[in-house]
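Below: one structure, written as structure tokens.
Note that the structure is a prediction, hence the values are computed from the model and not measured. Count residues from 1 along the sequence.
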Amino acid sequence: MSNRKKLVLIGNGMAGVRAVEHLLKLAPDAYDITIFGAEPHPNYNRIMLSSVLVGGADMKEIVINDWDWYKDNGIRLYTGHTVTKIDIEGKRVRSDRGAEASYDKLIIATGSNPFMLPLPGADKEGVIAFRDMKDCETMIETAKTYKKAAVIGGGLLGLEAARGLLHLGMDVTVVHKHPYLMERQLDAPAAAMLQTELEAQGMKFLLSKNTAAITGKKRVKGLTFSDGSQLETDLVVMAVGIRPNVSLAKAHGIDINLGIVVNDYMETNIPDIYAVGECVEHRGVAYGLVAPLYEQGDVLAKRLAGIETKGYEGSVTSTKLKVSGVNVFSAGQFRDVPGTRALRIQDEVEGIYKKIVIQDGKLIGAVLFGDTADGASLFSMIRKGENIAGKEKEILLGFAPGGAEQSPDARIEAMPDDEIVCGCNGVSKAAIVDAIKTKGCVTASAVKACTKASASCGGCKGLVEGLVRVYAGDAAGEAVKEGICGCTPLSRDEIVAEIKRMGLKSIREVMNVLEWREPEGCSKCRPSLNYYLGMLWPTEYKDEKESRFTNERYHANIQKDGTYSVVPRIYGGVTSPGELKRIATVAEKYNVPLVKITGGQRIDLLGVKKEDLPSMWEDLDMPSGHAYGKTLRTVKTCVGSTFCRFGTQDSMAMGIKLEKAFERLNTPAKVKLAVSGCPRNCAEATIKDFGVVAIDGGWELHVGGNGGVHVRATDLLCVVKTEEEVLEWSSAFLQYYRENAQWNERTSTWIERVGLDSVKKALEKREDRLALVERINTTLSQMKDPWKEIINNEELRKNFEPIRDAQPIG
Ligand SMILES: Cc1cc2nc3c(=O)[nH]c(=O)nc-3n(C[C@H](O)[C@H](O)[C@H](O)COP(=O)(O)OP(=O)(O)OC[C@H]3O[C@@H](n4cnc5c(N)ncnc54)[C@H](O)[C@@H]3O)c2cc1C
Ligand SMILES: NC(=O)c1ccc[n+]([C@@H]2O[C@H](COP(=O)([O-])OP(=O)(O)OC[C@H]3O[C@@H](n4cnc5c(N)ncnc54)[C@H](O)[C@@H]3O)[C@@H](O)[C@H]2O)c1
Ligand code: SF4
Ligand code: FES
């Protein structure tokens with residue numbers, strides 16, 4: 001007879017099975033194991049249900065332990081069995097289908113139940129939660145026949161469900177009772193940026209809305225809100241939080257508060273009965289994320305294996321929204337409460353927001369939007385409770401060791417060994433480096449198999465690949481190449497070459513054919529692909545507005561307070577009294593709070609409401625100044641020979657000519673030009689992307705300058721004699737830059753990378769220049785003024801209307 005003890009696990013979910021997996025490693029022969037699971041599947045990764053909805057994985061791929069795993073480990077498995085009875089005296093459990101098992105040790109890991117609002121009509125067909133494979137299947141099936149979906153709850157789960165439903169082709173409205181989204185993880189500015197991004201992806205929102213009833217006969221037809229308004233819908237997904245599933249434990253005298261009450265060793269008040277996972281309350285907290293549950297599982301496994309452990313002491317948590325194209329990270333205590341200080345940066349142009357919260361010199365919380373590269377290092381500082389006094393700004397700006405300002409590889413090298421790389425599975429940098437160096441795991445998938453890093457939400461995949469790249473050296477396998485982002489191992493040049501070779505004509509096609517890891521891409525690759533496709537196929541490719549940043553979608557720069565700025569095109573900075581009067585009238589009519597002359601000699605109307613933009617453009621009757629895009633911004637000019645006594649050439653006329661030639665041109669990054677009428681260079685042409693300086697009998701053409709954060713003086717490209725030559729060389733240079741630079745790479749960085757000589761060489765032969773000129777002219781011939789397009793199109797104008805409230809039905 002076996003002298004193994006009997007272990008029974010109730011709940012075949014993520015936390016319980018993780019504890020069993022760990023126990024099998026620590027003490028493989030200690031127990032005969034029986035598992036009961038109410039769901040009909042082997043243990044699967046619940047987190048990945050969000051990916052299943054967006055087509056990133058299928059149900060089979062999200063299984064963590066297949067049927068063979070149970071067999072191989074001698075585990076008796078009862079799927080589709082709900083345990084309904086625990087005989088505490090006799091140490092036996094019984095399922096609803098009559099299966100019984102006796103135990104020496106019992107683990108309860110029954111997870112949570114989704115909270116279903118007890119609304120009138122909540123029992124109608126088409127009202128579901130988002131918790132398991134069945135819910136996922138229901139959504140996929142519903143989308144085949146029905147069109148409209150409402151998700152109640154704008155938290156992590158609600159937004160991931162809504163993104164999935166959008167992907168399935170449904171028209172989705174998120175109904176949220178709070179005034180801003182994800183209030184449990186974000187502050188108002190980050191939530192506003194998130195909302196703008198999701199609206200651009202097609203999601204609609206009803207905020208500060210309380211649902212009062214679900215209407216319809218047998219099947220749901222709509223929602224009624226407490227303010228009397230209504231919304232038509234064919235499907236309702238409730239994502240308003242979860243409640244620990246304690247009914248079984250409660251019925252058998254186990255101590256319950258919020259959840260099943262456990263001590264630091266996951267022991268309940270009844271001897272030999274343990275609990276782990278979302279059903280548990282530890283030191284007053286019930287967790288709803290896997291990282292703390294896995295920590296609990298590891299402690300429980302040690303306890304059951306008889307290995308000494310200091311116990312589970314609670315967790316600081318971090319979250320990341322799994323919606324492609326949106327990077328959101330939140331950790332610790334991020335709210336401004338008395339006794340805390342916060343530092344923030346908000347970059348509305350690139351759509352980046354960062355906030356860190358400090359208390360007694362320690363980092364206690366962080367919120368990141370747009371750029372989440374510093375998430376892991378900030379989270380590590382929060383967990384360690386390090387004193388960061390005096391280094392706060394460095395940390396916020398990403399200059400601290402491991403911060404985002406360094407190159408990705410330098411950042412990886414600077415990470416401390418004990419920094420957690422995979423939050424879900426608690427895997428440190430040291431553990432991954434050890435797997436690479438001593439266990440021969442030289443690909444990201446080998447590291448995953450060996451350490452479990454990246455096996456849950458996948459949020460750390462890029463970092464794992466980076467570690468392989470840095471530490472596997474020449475031995476590195478599949479994941480060594482650094483792609484343009486974590487969605488692909490392909491470089492910019494490889495992608496452009498493949499698009500050309502295979503004639504790929506849309507972002508989706510590129511992602512499918514080139515086997516993108518993330519089916520929807522991310523905020524880095526989508527805009528890059530949009531640019532490369534537009535550059536390669538100027539007459540065929542239809543620009544994908546959703547793949548552009550907010551400013552480019554609204555053709556105006558979003559400001560700190562959520563208003564916009566309007567900069568009309570003023571060619572060469574030369575205006576007229578009539579034009580100035582029109583601008584003044586518009587500024588007064590729309591109560592524009594600030595009128596400002598910009599550094600590029602333009603007039604900026606700041607503080608404009610989104611809904612006023614189209615009418616203002618219409619009243620101005622001037623083209624867009626493109627002050628917001630990756631395109632030609634301004635051509636700055638000096639007075640030149642018309643009025644200046646030093647001027648040798650007409651710099652204003654030349655500037656206007658250049659601006660008229662290249663306005664609306666899409667470029668990898670913003671492009672600024674300037675023309676000076678003599679070498680005194682009053683227009684500062686030698687810190688521009690393309691600068692023209694008049695000299696006696698000709699023009700000097702300068703390239704690659706930058707007057708921003710990294711100041712760079714231009715390099716002299718050549719000297720020409722005539723105005724026609726200025727146009728020919730500037731066209732050829734800009735097109736060569738368009739065809740060869742990486743998306744988001746300014747001319748200054750590009751020239752430093754490729755070298756001035758290579759650019760000179762590419763442009764030296766006239767026939768090559770003329771070919772480039774022809775290609776840029778084809779592109780320019782397709783360009784239209786975006787303001788005019790919107791003014792004349794009712795559908796496009798609707799995008800600028802204030803967020804719509806619910807409409808009454810009928
Ligand atoms: C769509 C979605 C996305 C998520 N994304 C993330 C994420 O990105 N990051 C993150 O950290 N967390 C995420 N979560 C949360 C995470 O999935 C949970 O925290 C985790 O699954 C909880 O594990 P658990 O084992 O406690 O519960 P569960 O995984 O729910 O397992 C409990 C199991 O017990 C079974 N059961 C219950 N009662 C009985 C009974 N009486 N008898 C037999 N079986 C029973 C249930 O059917 C269930 O299968 C997500 C959750 C969802 C739904
Ligand atoms: N990426 C991730 O980490 C991830 C993804 C999905 C789910 N989860 C986890 O799954 C669990 C469930 O997620 P969740 O988003 O449902 O829970 P949650 O409690 O985090 O959010 C629920 C949201 O619903 C809103 N809400 C509550 N009542 C409402 C009402 N009557 N009408 C409209 N809105 C209402 C709340 O304001 C809140 O923002 C959580 O533990 C979460 O952490 C995590
Ligand atoms: S650059 Fe020369 S021409 Fe132009 S304003 Fe200055 S001095 Fe006059
Ligand atoms: S952080 Fe979720 S899998 Fe690594």
Side-chain angles (χ1 to χ4, degrees), residues 153-156 158-159 176-196 207-210 240-242 257-259 264 281-289 291-292 295 312-321 327-348 351-372 374-400 403-404 420 423 559-563:
L156 289 161
L159 296 180
H176 191 50
K177 74 168 182 191
H178 202 81
Y180 62 83
L181 297 173
M182 274 176 65
E183 81 285 354
R184 300 186 57 186
Q185 292 84 16
L186 301 181
D187 59 2
M193 290 169 94
L194 170 66
Q195 184 179 339
T196 308
L207 302 180
S208 303
K209 273 278 174 200
N210 268 304
V240 292
I242 48 176
N257 189 29
L258 268 175
D264 289 1
E281 174 184 332
H282 171 264
R283 297 193 189 178
V285 185
Y287 295 94
L289 294 164
E295 284 180 50
Y312 175 65
E313 296 175 329
S315 311
V316 184
T317 55
S318 71
T319 47
K320 210 169 166 290
L321 179 71
N327 291 319
V328 193
F329 171 87
S330 163
Q333 201 300 96
F334 63 91
R335 289 177 213 281
D336 303 280
V337 291
T340 62
R341 285 180 308 127
L343 274 81
R344 301 179 176 77
I345 41 177
Q346 193 162 356
D347 175 348
E348 300 286 2
I352 289 170
Y353 176 76
K354 297 185 181 187
K355 172 185 179 183
I356 58 172
V357 181
I358 294 134
Q359 188 170 39
D360 302 330
K362 291 178 183 162
L363 185 65
I364 59 162
V367 175
L368 304 176
F369 182 88
D371 175 2
T372 50
D374 285 341
S377 53
L378 291 176
F379 187 46
S380 165
M381 287 178 220
I382 295 170
R383 281 163 60 111
K384 286 184 199 156
E386 260 175 61
N387 195 316
I388 58 155
K391 290 189 287 185
E392 297 91 337
K393 284 194 186 140
E394 235 183 319
I395 286 168
L396 182 72
L397 293 169
F399 291 120
I420 297 294
Q559 306 295 316
K560 201 171 163 178
D561 59 356
T563 61

Between atom [atom1] of [X] and atom [atom2] of [Y], what is the distance when rounded to the nearest 0.5 Å?
| X | Y | atom1 | atom2 | answer |
| --- | --- | --- | --- | --- |
| I356 | F334 | CD1 | CZ | 15.5 Å |
| S318 | R383 | OG | CZ | 8.0 Å |
| L156 | M182 | CG | CE | 4.5 Å |
| K209 | K177 | NZ | NZ | 15.5 Å |
| L194 | L321 | CG | CG | 6.5 Å |
| L186 | R335 | CG | CZ | 9.5 Å |

Practice problem: Check ring-ring contact (aromatic ring centres under 6.0 Å, His included) between Y180 and all other residues, then give those that pass, not counting sequence neighbours. | Solution: H178
Quiz item: Can H176 and E183 be said to form a side chain to side chain donor-acceptor pair (under 3.5 Å), step by step?
Solution: CA-CA 10 Å; H176 191 50; E183 81 285 354; 3.0 Å; yes
Practice problem: Please state whether the rings of Y312 and H282 are parallel, tilted or perpendicular, taking 30° and 60° as the class boundaries. | Solution: tilted
Exercise. Please say whether more than 12 non-hydrogen atoms of neighbouring residues, nucleotides or ligands are located less than 6.0 Å from CZ in R184.
Key: no
Quiz item: After noting the C-alpha distance and the side-chain angles of L378 and L368, does the key distance pass the side-chain contact (heavy atoms from CB on, under 4.5 Å) rule?
Solution: CA-CA 10 Å; L378 291 176; L368 304 176; 3.9 Å; yes
Would you indicate whether the side-chain heavy atoms of [Y] and [X] approach each other to under 4.5 Å?
| X | Y | result |
| --- | --- | --- |
| L343 | I358 | yes |
| I420 | S380 | no |
| K355 | D187 | yes |
| L363 | V357 | no |
| I388 | K362 | no |
| Q359 | Q333 | no |
| F369 | F329 | no |

Quiz item: By salt bridge (Lys or Arg N to Asp or Glu O under 4.0 Å), which residues pair with R344, not counting sequence neighbours?
Solution: D336
Exercise. Could you pull out all residues at least two apart from R341 that satisfy salt bridge (Lys or Arg N to Asp or Glu O under 4.0 Å)?
Key: E392
At their closest point, which heavy atom of [X] faces which heavy atom of [Y], and how far apart are they?
| X | Y | result |
| --- | --- | --- |
| G351 | M193 | C-CE, 3.4 Å |
| A366 | I382 | N-CD1, 4.0 Å |
| G284 | L258 | O-CD1, 3.8 Å |
| S208 | P179 | OG-CA, 3.3 Å |
| V337 | T340 | O-OG1, 2.6 Å |
| E281 | G259 | OE1-N, 3.1 Å |

Exercise. Could you walk me through whether D371 and Y353 pass side chain to side chain donor-acceptor pair (under 3.5 Å), step by step?
Key: CA-CA 8 Å; D371 175 2; Y353 176 76; over 6 Å; no
Self-check item: Pairing of K354 and D374 as salt bridge, 4.0 angstrom limit
Solution: yes
Self-check item: Pair L207-L181, side-chain contact (heavy atoms from CB on, under 4.5 Å): steps then yes or no
Solution: CA-CA 8 Å; L207 302 180; L181 297 173; 3.9 Å; yes
